[in-house]
Amino acid sequence: MNRTQVDGFFTHGIRPESYRLPHPRLGLPVILLVRRVLVRAFEILLEGGCSLATQDEDGVTLALRNVIENDLRLNGRVPGFNRHTFDFVSRQAQVENFDSSKRGKAPDLCFRLRNDEEEPRPVLSVHDALFVECKPVDTTHAAGGAYCDKGLCRFIEGDYAWAMEEAMMLGYARANRSIAKHLIPAMRESQRLEALQTIELPRPVPLTEATKEQETETLHVSRHRRGFTWPDGKGRATDLWIYHSWHRCD
């Protein structure tokens with residue numbers, strides 16, 4: 001056994017030959033289910049009088065996670081999303097980046113499907129999930145600077161979701177910020193277009209619509225190239241599809 005195999009074994013807890021990259025895709029049905037969960041969670045917060053307009057990023061994310069975990073998942077209020085199909089929804093649970101040079105990365109939300117199969121799947125379980133990064137977008141948090149340069153980039157650089165081919169950005173939109181008018185122009189800027197390795201700018205996802213009250217924008221998806229190499233000789237990281245779910249918080 002060479003040193004790379006030894007290092008890989010101790011880093012990930014299983015031998016390199018026991019897992020594959022990329023992990024199997026979650027698929028659009030799972031993405032749309034999580035999206036419905038988020039929409040319902042925001043509805044519950046607003047119906048309960050939660051003042052999302054005055055909460056900072058951590059405040060909104062904490063309230064959102066608590067509703068999702070303590071109500072929606074445990075009580076099965078969204079068809080298909082319950083304690084039998086999904087594991088505990090974590091907030092800021094620490095993971096390492098693609099080469100383990102950063103060992104305290106903390107994605108805002110993490111949705112993990114339950115796996116009750118007898119045969120273990122050939123994946124790194126810690127990194128097998130829909131990772132969600134949350135950012136406010138308003139007059140003091142620009143779609144370019146805050147959302148892209150401090151949020152979206154973490155997926156491209158291999159901090160989060162590096163073993164996956166799908167991830168999600170969750171936007172807390174205020175002051176009439178929108179994907180079409182603010183995010184796409186920011187991502188189109190030449191320097192950022194290169195930094196985010198954008199192959200396809202955000203486009204609407206089929207089968208999704210904005211809510212009647214316009215509290216939630218149509219789900220969008222963008223595609224990005226990743227420049228890092230996976231560990232244990234697994235090759236160059238494949239492209240990443242990032243779903244953009246924006247919700248009004250004012």
Side-chain angles (χ1 to χ4, degrees), residues 3-16 18-23 26 34 38 55-66 68-70 73 86-113 115 121 123-137 141-142 144-172 192 195-197 224-238 240-245:
R3 182 170 177 77
T4 300
Q5 289 177 312
V6 173
D7 289 344
F9 173 73
F10 283 107
T11 298
H12 299 300
I14 60 174
R15 300 187 185 282
S18 299
Y19 75 93
R20 300 173 185 170
L21 291 176
H23 289 176
L26 296 168
V34 172
L38 292 169
Q55 294 287 332
D56 61 10
E57 176 188 331
D58 287 340
V60 177
T61 305
L62 177 60
L64 193 65
R65 193 287 307 270
N66 286 347
I68 292 171
E69 176 58 30
N70 297 330
R73 190 180 76 89
F86 279 79
D87 282 326
F88 174 82
V89 178
S90 61
R91 170 178 172 264
Q92 296 183 342
Q94 291 190 349
V95 295
E96 70 272 16
N97 72 333
F98 75 95
D99 64 359
S100 298
S101 62
K102 303 174 185 177
R103 301 181 180 182
K105 305 307 295 182
D108 289 316
L109 294 171
C110 185
F111 291 81
R112 301 181 188 279
L113 286 165
N115 178 30
R121 299 171 70 241
V123 299
L124 298 172
S125 181
V126 171
H127 300 284
D128 191 46
L130 177 63
F131 293 92
V132 182
E133 180 70 0
C134 307
K135 289 296 176 187
V137 188
H141 302 86
Y147 187 92
C148 292
D149 301 343
K150 297 181 180 179
L152 180 53
C153 67
R154 292 171 180 170
F155 292 115
I156 313 307
E157 295 170 357
D159 288 344
Y160 306 150
W162 55 266
M164 308 297 294
E165 291 188 306
E166 298 144 310
M168 181 177 284
M169 286 293 301
L170 183 55
Y172 302 150
R192 188 169 291 116
L196 296 178
Q197 293 293 293
H224 304 263
R225 186 177 297 106
R226 293 182 287 186
F228 60 88
T229 300
W230 277 321
D232 296 327
K234 302 292 184 179
R236 186 184 180 89
T238 52
L240 182 69
W241 279 259
I242 295 184
Y243 291 86
H244 304 267
S245 191

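These numbers were taken from a predicted model, which means no experiment stands behind them.
A donor-acceptor contact closer than 3.5 angstrom links the side chains of E96 and H127.
Two residues are said to be in side-chain contact when any heavy atoms from C-beta on lie closer than 4.5 Å; F131 and F111 fail this criterion. Counting heavy atoms from C-beta outward, E133 and Y160 have side chains that approach closer than 4.5 Å. For the pair M164 and L26, the minimum side-chain heavy-atom distance is below 4.5 Å. Between F155 and P107, every side-chain heavy-atom pair lies at or beyond the 4.5 Å cut-off. Residues L113 and F86 are in side-chain contact: their nearest non-hydrogen atoms beyond the backbone lie under 4.5 Å apart. Between H141 and Y147, every side-chain heavy-atom pair lies at or beyond the 4.5 Å cut-off.
In terms of heavy atoms, Q92 sits closest to A106 at O-CB, 3.7 Å. A161 and A167 get closest at one heavy-atom pair: CB-CB, 4.0 Å. The nearest pair of heavy atoms linking H23 to R20 is CD2-O, 3.3 Å. In terms of heavy-atom proximity, M168 sits nearest to L38 at SD-CD1, 3.7 Å. The minimum heavy-atom distance between V60 and Q55, with the atom names listed, is CG2-CB, 3.6 Å. Minimum interatomic distance between A129 and C110 (heavy atoms only, all atoms of both residues): CB-SG, 3.4 Å.
One finds the CZ atom of R226 at 7.5 Å from the CD1 atom of I156 (value rounded to the nearest 0.5 Å). One distance of note links OG1 of T238 with CZ of R225; it measures 12.0 Å at 0.5 Å rounding. Taking NZ of K135 as the reference point, atom CG of D108 lies at 6.5 Å (rounded to 0.5 Å). In this structure, the separation between CG on L109 and CG on L130 is 9.5 Å, given to the nearest 0.5 Å. Atom CE in M169 sits 11.0 Å away from atom OG in S245 (nearest 0.5 Å).
Ion pairing between a basic and an acidic side chain is recognised when a charged N comes within 4.0 Å of a carboxylate O; D159 and K102 show such pairing. The pair E69-R65 does not meet the salt-bridge criterion, since no charged nitrogen lies less than 4.0 angstrom from a carboxylate oxygen.
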Applying side-chain contact (heavy atoms from CB on, under 4.5 Å), run through D128 and N115 and close with a yes or a no. CA-CA 11 Å; D128 191 46; N115 178 30; over 6 Å; no
Intermediate values then yes/no, salt bridge (Lys or Arg N to Asp or Glu O under 4.0 Å), R192 and D149: CA-CA 8 Å; R192 188 169 291 116; D149 301 343; 2.9 Å; yes
Tell me, with the steps shown, if L152 and H224 meet side-chain contact (heavy atoms from CB on, under 4.5 Å). CA-CA 10 Å; L152 180 53; H224 304 263; 4.2 Å; yes
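For the side chain to side chain donor-acceptor pair (under 3.5 Å) test, residues two or more places apart in sequence or in another chain that qualify with Y172 are T61. Partners of K234 according to the side chain to side chain contact (heavy atoms under 4.5 Å, CB included) rule, which considers only residues two or more places apart in sequence or in another chain, are Y19, L21, W230, D232. Remark: C153 pairs with E157, L196 by the side chain to side chain contact (heavy atoms under 4.5 Å, CB included) rule, at least two apart or across chains.
A side-chain donor-acceptor contact under 3.5 Å links N97 to the backbone of S101. Between the side chain of R103 and the main chain of S100, a donor-acceptor pair closer than 3.5 Å is present.
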